[in-house]
Amino acid sequence: MINSSKIIPMSPLEENNLIINYYIYKYIYGQFVICATDKGICYIGIGDEKEMLEELKKRYKYSIPVKKAIKHHETAIFQINDPSIVNNITFHIKGTEFQLKVWNELLNISPGQTCSYKHIAEKIGKPKAVRAVANAIGQNPVAFLIPCHRVIRSDGTLGGYNWGLDVKKQRLEHESLI
DNA sequence: CCCTAACTAGTCT
DNA sequence: AGACTAGTTAGGG
């Protein structure tokens, strides 16, 4: 196990009037919008500021976004730059029990490695819930840090990706070089 | 609240 | 190509 990151589930109560600090970073895949509470990373999106803030609002309806750089952002961008380093990122995200289980499994995939949706389904003890797993992975709010790009179809093709298949491919190539 | 139907970034025949 | 799958979501009762 090379990843010591952990997920803190966000309760509906916490979400109310929660301050979310966000900041913009440029990277080779495009512009990142990184969002974090004082507890941990809660959302990372690729795209322009306005669009991503709308996404953030959709997920954390009653939160208050504040543009301000904090330590959590630094840790996140550090890890995105070099996925091979062992890190201890803390996530603070909202999700159903099922989703959190899936995302936790994703954290255990090593950089450069891939695995199938079926494999994840088996890991969480619901071997037939493959479609549902895919659904949950698609809802992953934290681009790259929860490595949904490392999950591919069992026939070896890439499957889908929220940020576009070319990004998924590039990211995998980048990781396999490390 | 419960029920139903309509979504998936999948997988097997 | 078609059937099948299970969890989430949205809409109606």
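Residue numbering restarts at 1 for every chain, and letters A, B, ... go by the order of the sequence lines.
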Open item on the list: What is the distance, to the nearest angstrom, from the CG atom on A:N140 to the P atom on B:dA9?
Closed with: 14 Å
Task: Protein-nucleotide distance (A:I120, atom CD1; C:dG7, atom C1'), rounded to Å - done: 16 Å
- [ ] Looking only at side-chain atoms of A:T96, point me to the closest of C:dT5, B:dG10, C:dT8.
- [x] C:dT8
Task: Out of B:dA9, C:dT5, B:dT11, whichever nucleotide has its closest atom nearest the side chain of A:I137 - done: B:dA9
TODO: Give the rounded distance in Å between these two atoms: NZ of A:K128 and P of C:dG7.
DONE: 11 Å
TODO: Fill in the dot-bracket string of DNA chain C, one character per base: . for unpaired, | for a pair to another strand, ( ) or [ ] for pairs within the strand, taking Watson-Crick or G-U pairs under 3.5 Å.
DONE: ||||.||||||||
Open item on the list: Below the 4.0 Å mark, does B:dC12 have OP1 or OP2 next to a side-chain nitrogen or oxygen of A:K118?
Closed with: yes
TODO: Would you mind reading off the distance between A:W103 atom CH2 and C:dG7 atom C1', rounded to a whole angstrom?
DONE: 13 Å
TODO: Check the pair A:K61 / A:E15 against salt bridge (Lys or Arg N to Asp or Glu O under 4.0 Å), numbers first and verdict last.
DONE: CA-CA 8 Å; A:K61 224 166 150 184; A:E15 192 190 336; over 6 Å; no
Which protein N or O atoms sit under 3.5 Å from an N or O of nucleotides 4-8 of chain B?
residue	atom	partner	partner atom	Å
B:dT8	O2	A:N135	ND2	3.3

Task: Between CG on residue A:L145 and CD1 on residue A:I34, distance to nearest 0.5 Å - done: 7.5 Å
- [ ] Would you please confirm or rule out a distance under 4.0 Å between OP1 or OP2 of C:dG7 and any side-chain N or O of A:K126?
- [x] yes
- [ ] For A:L100 and C:dT8, give me the distance from atom CG to atom C1', rounded to whole Å.
- [x] 13 Å
TODO: For A:Q139 and C:dA10, give me the distance from atom CD to atom P, rounded to whole Å.
DONE: 9 Å
Open item on the list: Using a 6.0 Å cut-off, check whether atom OH of A:Y27 has over 12 heavy atoms from anything other than its own residue.
Closed with: yes
- [ ] Verify the distance criterion only: is there a donor paired with an acceptor across the side chains of A:E175 and A:H149 at less than 3.5 Å?
- [x] yes
Task: Sugar-phosphate only, base, or nothing, as touched by A:Y117 at under 4.0 Å among non-hydrogen atoms - done: base
- [ ] Grab the CZ-P distance between A:R59 and C:dT9 for me, whole Å please.
- [x] 10 Å
Open item on the list: For B:dC12 and A:S154 - does any side-chain N or O of the residue sit under 4.0 Å from the phosphate oxygens OP1/OP2?
Closed with: yes
TODO: Please report, rounded to the nearest Å, how far the C1' atom of C:dA6 is from the CD1 atom of A:I124.
DONE: 10 Å
Open item on the list: With clusters defined by side-chain heavy atoms of hydrophobic residues (ILVMFWY) lying less than 4.5 Å apart, directly or transitively, does A:I77 cluster with A:I44?
Closed with: yes
- [ ] Tell me whether the centres of the aromatic rings in A:F144 and A:Y29 are closer together than 6.0 Å.
- [x] yes
Task: Side chain A:S5, main chain A:I89, donor-acceptor under 3.5 Å - done: yes
Open item on the list: Working to the nearest 0.5 angstrom, can you tell me the gap between A:E122 CD and A:S116 OG?
Closed with: 7.0 Å
Open item on the list: Under 4.0 Å between a side-chain nitrogen and a carboxylate oxygen: does that hold for A:E74 and A:K71?
Closed with: no
